[in-house]
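Below you'll find the structure, written out as structure tokens, and then a few comments.
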Amino acid sequence: MLPIELDDGCQVRRIEDSDAEELAALVDANRAYLSRWMPWAPANTISDTREHIRRAKEQAERDDGFQAVIARNGRIVGALGYHRLDRINQSTSLGYWLAESAQGQGTMTRAVRALVEIAFREWELNRVEIRCAPENRRSRAIPERLGFQEEGTLRQAERIGDRYLDNVVYSMLASDWSPQRR
Ligand SMILES: CC(C)(COP(=O)(O)OP(=O)(O)OC[C@H]1O[C@@H](n2cnc3c(N)ncnc32)[C@H](O)[C@@H]1OP(=O)(O)O)[C@@H](O)C(=O)NCCC(=O)NCCS
């Protein structure tokens, strides 16, 4: 399943213990930018990153989805993963982020497409969900570009600092999935 070579020269690979320092440094360098949308970003420390990696290993061992990093020329530029696999309802959801300097090249759209493909083809799930704050235009553009359907808005579903943000829910169903979409 992993690693996956994207056609822009980036690689999606499983997160490893040895990524902790590089990943925490990348979050640190992008803290202000990530903190706008990611609840964990403002206070993230190297030990939080180590804990995230430890949980990711447990998740993969449970066969409950996985967490991945995106690397360009061997350097980490972002991360994405499945929150969990809901085997009863055959459903999952995805989260993702990129370093600010790695935006604008279609890398995350390619990486998300690859993970949706795994969800439907390898795990034979029925539904993949992505939730984004309404004002997070760049994030919303990813499911929209991949043909996800917008389903509605959850009110104040996420707390970022002292603000509660709504979440727009997007979904793709196995029966509607066409990986060819941009
Ligand atoms: C959300 C986030 C990953 C989106 O990054 P992004 O660079 O816009 O997304 P992609 O890597 O898919 O790149 C898309 C851009 O590349 C362009 N692009 C170039 N070639 C492309 C291709 N082959 N396919 C798709 N897009 C392509 C697109 O036009 C788009 O640029 P534009 O917005 O200027 O039109 C990033 O903004 C981020 O990490 N934000 C902070 C964290 C966050 O919000 N996470 C999501 C929480 S829900």
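Note that the coordinates shown come from a computational prediction; the quantities given were computed from them, not determined experimentally. Counting starts at 1 for both ligands and their atoms, in listed order. Start at 1 with the first residue, then count along the sequence.
- In this structure, R110 has a heavy atom closer than 4.0 Å to ligand 1.
- Side-chain contact check for R72 and Q105: at least one donor-acceptor pair (N or O, by modelled atom type) lies under 3.5 Å.
- At a 4.0 Å heavy-atom cut-off, ligand 1 does not touch D8 at all.
- Residue contacts with ligand 1 for W37 involve side-chain atoms from C-beta outward but no N, CA, C or O (heavy atoms, distance under 4.0 Å).
- Residue-ligand proximity: E100 is placed with every non-hydrogen atom at 4.0 Å or more from ligand 1.
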Q: Starting from the C-alpha separation in whole Å, work towards a yes-or-no answer on side-chain contact (heavy atoms from CB on, under 4.5 Å) for E122 and M1.
A: CA-CA 8 Å; E122 306 272 344; M1 234 174 276; 4.2 Å; yes
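- Those atoms of ligand 1 with a heavy atom of T107 less than 4.0 angstrom away are 10 (P), 11 (O).
- Residue contacts with ligand 1 include G104, since one of its heavy atoms falls under 4.0 Å from the ligand.
- No donor-acceptor contact under 3.5 angstrom links the side chains of T92 and D86, judged on distance only.
- The part of M38 lying near ligand 1 is the side chain, judged by heavy-atom distances below 4.0 Å.
- Contacts between Y33 and ligand 1 below 4.0 angstrom, taking non-hydrogen atoms only, involve the side chain exclusively.
- Atoms of ligand 1 found under 4.0 Å from any heavy atom of R131, numbered from 1 in the order shown, are 48 (S).
- Summarising the contacts of atom 39 (O) of ligand 1 with L146, T109, N30, L98, the nearest heavy atom is found in L98.
- With ligand atoms numbered from 1 in the order given, ligand 1 contributes 39 (O), 42 (C) to contacts under 4.0 Å with heavy atoms of W97.
- Minimum interatomic distance between L23 and I76 (heavy atoms only, all atoms of both residues): CD1-CG2, 3.8 Å.
- In summary, the side chains of E117 and W177 do present a donor paired with an acceptor at a separation below 3.5 Å, with no hydrogens or angles considered.
- Short contacts between ligand 1 and S139, defined as distances under 4.0 Å to a heavy atom of the residue, involve ligand atoms 1 (C), 46 (C), 47 (C), 48 (S).
- Between F66 and I15, the closest side-chain pair of non-hydrogen atoms is not below 4.5 Å.
- Between V116 and F148 the shortest side-chain heavy-atom distance falls below 4.5 Å.
- Contacts between R36 and ligand 1 below 4.0 angstrom, taking non-hydrogen atoms only, are absent altogether.
- For ligand 1 and N136, the ligand atoms under 4.0 Å from any heavy atom of the residue are 43 (C), 44 (O), 47 (C).
- Looking at R140 and Y170, their side chains do bring a donor and an acceptor atom within 3.5 Å of each other.
- D8 and T107 share a donor-acceptor pair across their side chains, judged by distance under 3.5 Å alone.
- Annotation: side chain of L2 is not in contact with side chain of R13 (no heavy-atom distance under 4.5 Å).
- Considering both main-chain and side-chain atoms, L34 never comes within under 3.5 Å of ligand 1 through any nitrogen or oxygen pair.
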